[in-house]
Amino acid sequence: MRADVITIFPEYLEPLNVSLVGKARARGRLDVDVHDLREWTYDRHNTVDDTPYGGGPGMVMKTGPWGDALDEAIADGYEAGAHRPVLVVPTPSGRPFTQELAVELSERPWLLFAPARYEGIDRRVVDEYATRMPVYEVSIGDYVLAGGEAAVLVIMEAVARLLPGVLGNAESHRDDSFAPGAMADLLEGPVYTKPPEWRGRAIPDILLSGHHSKIARWRRDEAFRRTALNRPDMIERCDAAAFDKKDREM
Ligand SMILES: N#Cc1c(-c2ccc3ccn(Cc4ccc(CN5CCCC5)cc4)c3c2)n[nH]c1N
């Protein structure tokens, strides 16, 4: 997979050099190029924003720098042999970024990220590139950030861990919360490791029993309990038939 990120804060994307995404890059599973939008400004102050037409708070990011930056990133990607880019625009008004969408994006060969700042990018930029490629306008949650760079980090991590050969245990993402069909879409239950006792707190006996089907049932029950507590909405969505099927398999 190829990923290009255009931003006025390239240093914000430094975390893409470490941990899971950094490993995916080192293993050649992912190529990431971060571009400073101000390289496509030609005035003394490297201006990327201006006042909004129609008035209102804040500033709007200008068409010129974004158009020139996107055109060059796209041309360079094609020259490097990449094809079929999609434009990913983090925005508070976007569709929710979900595990399902992470899977969809992980199957794309080239992601072009346009994290904005200020009040966002002049709408004509998205309208222009939507004539050339699929555009995903996504929001990572119901809270307000100051820009899209944090969303790029979230999206890149969620996508990179789904790329083949990136996660140690290739299957482990299939049991994720939110992964379609995993544990009837329940949250993860509690996890434990050595030592067997810590500050007077022991491990649930069942986990030391070696009885795998009973352990699996205990884990499912704990997952159900946690989901009912923190995400009752997911319980309604939970497919009772799938749940009963899991029950019979244990
Ligand atoms: N993903 C994601 C995001 C973002 C996000 C993503 C990208 C940008 C680019 C700029 N901002 C700042 C901003 C914040 C609020 C508004 C709305 N206006 C405020 C007053 C009148 C309406 C416009 C921009 C961004 C925020 N926030 N929350 C998420 N889950």
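Every heavy atom of this structure was used, including side-chain atoms; hydrogens, water molecules and symmetry mates were not. Both ligands and their constituent atoms are indexed starting at 1 by order of listing. Residue numbers run from 1 in the order of the sequence given.
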Problem set entry | Option whose closest heavy atom lies nearest to atom 9 (C) of ligand 1, chosen from Ala151, Pro115, Ala116 | Ala116
Exercise. Relative to the heavy atoms of Gly141, which atoms of ligand 1 are at a distance of less than 4.0 Å?
Worked result: 29 (C), 30 (N)
For this session: Examine the side chains of Arg108 and Tyr136 and answer whether a donor and an acceptor come within less than 3.5 Å of each other.
Result: yes
Exercise. For atom 7 (C) of ligand 1, what's the nearest protein heavy atom and its distance?
Worked result: Pro90 O, 3.3 Å
Problem set entry | Short N or O distance, Gly120 and ligand 1, threshold 3.5 Å exclusive | no
Exercise. What do you reckon, is CG of Asp127 surrounded by more than 12 foreign heavy atoms closer than 6.0 Å?
Worked result: yes
Exercise. Which atoms form the tightest heavy-atom contact between Val48 and Arg38, and what is the distance?
Worked result: CG2-NH1, 3.7 Å
For this session: Return yes or no for this condition: an N or O of Leu145 is under 3.5 Å from an N or O of ligand 1.
Result: yes
Exercise. Ala146 near ligand 1, heavy-atom distance under 4.0 Å?
Worked result: yes
For this session: May I ask which of Met61, Arg117, Glu119 has a heavy atom nearer to atom 18 (N) of ligand 1 than the others do?
Result: Glu119
For this session: Classify the side-chain pair Thr7/Glu149 by whether it contains a donor and acceptor separated by less than 3.5 Å.
Result: yes
For this session: Compute the minimum heavy-atom distance from Val138 to ligand 1 and say whether it is under 4.0 Å.
Result: yes
Exercise. What protein heavy atom is closest to atom 5 (C) of ligand 1, reported as residue, atom name and distance in Å?
Worked result: Pro92 CD, 3.5 Å
For this session: Record the part of Thr91 in heavy-atom contact with ligand 1 below 4.0 Å; permitted values are side chain, backbone, both and neither.
Result: backbone
Exercise. Are Glu222 and Arg219 within salt-bridge range, i.e. N to O under 4.0 Å?
Worked result: no
Exercise. Is atom CD of Glu197 surrounded by more than 12 heavy atoms (other residues, nucleotides or ligands) closer than 6.0 Å?
Worked result: yes
Exercise. What's the shortest distance from atom 28 (N) of ligand 1 to any protein heavy atom, and which residue and atom give it?
Worked result: Tyr143 O, 2.6 Å
For this session: May I ask you to check whether Tyr78 and Trp110 place their ring centres under 6.0 Å from each other?
Result: yes
Exercise. Between Arg124 and Asp122, is there a salt bridge with N-O shorter than 4.0 Å?
Worked result: yes
Exercise. After noting the C-alpha distance and the side-chain angles of Tyr129 and Asp71, does the key distance pass the side-chain hydrogen bond (donor to acceptor under 3.5 Å, both in side chains) rule?
Worked result: CA-CA 9 Å; Tyr129 289 90; Asp71 284 352; 2.6 Å; yes
Seminar exercise, completed: Here the atoms of ligand 1 under 4.0 Å from any heavy atom belonging to Tyr118 are 10 (C), 11 (N), 12 (C), 13 (C), 24 (C)
For this session: Would you mind checking which non-hydrogen protein atom is closest to atom 15 (C) of ligand 1, with the distance to 0.1 Å?
Result: Val144 CG1, 3.6 Å
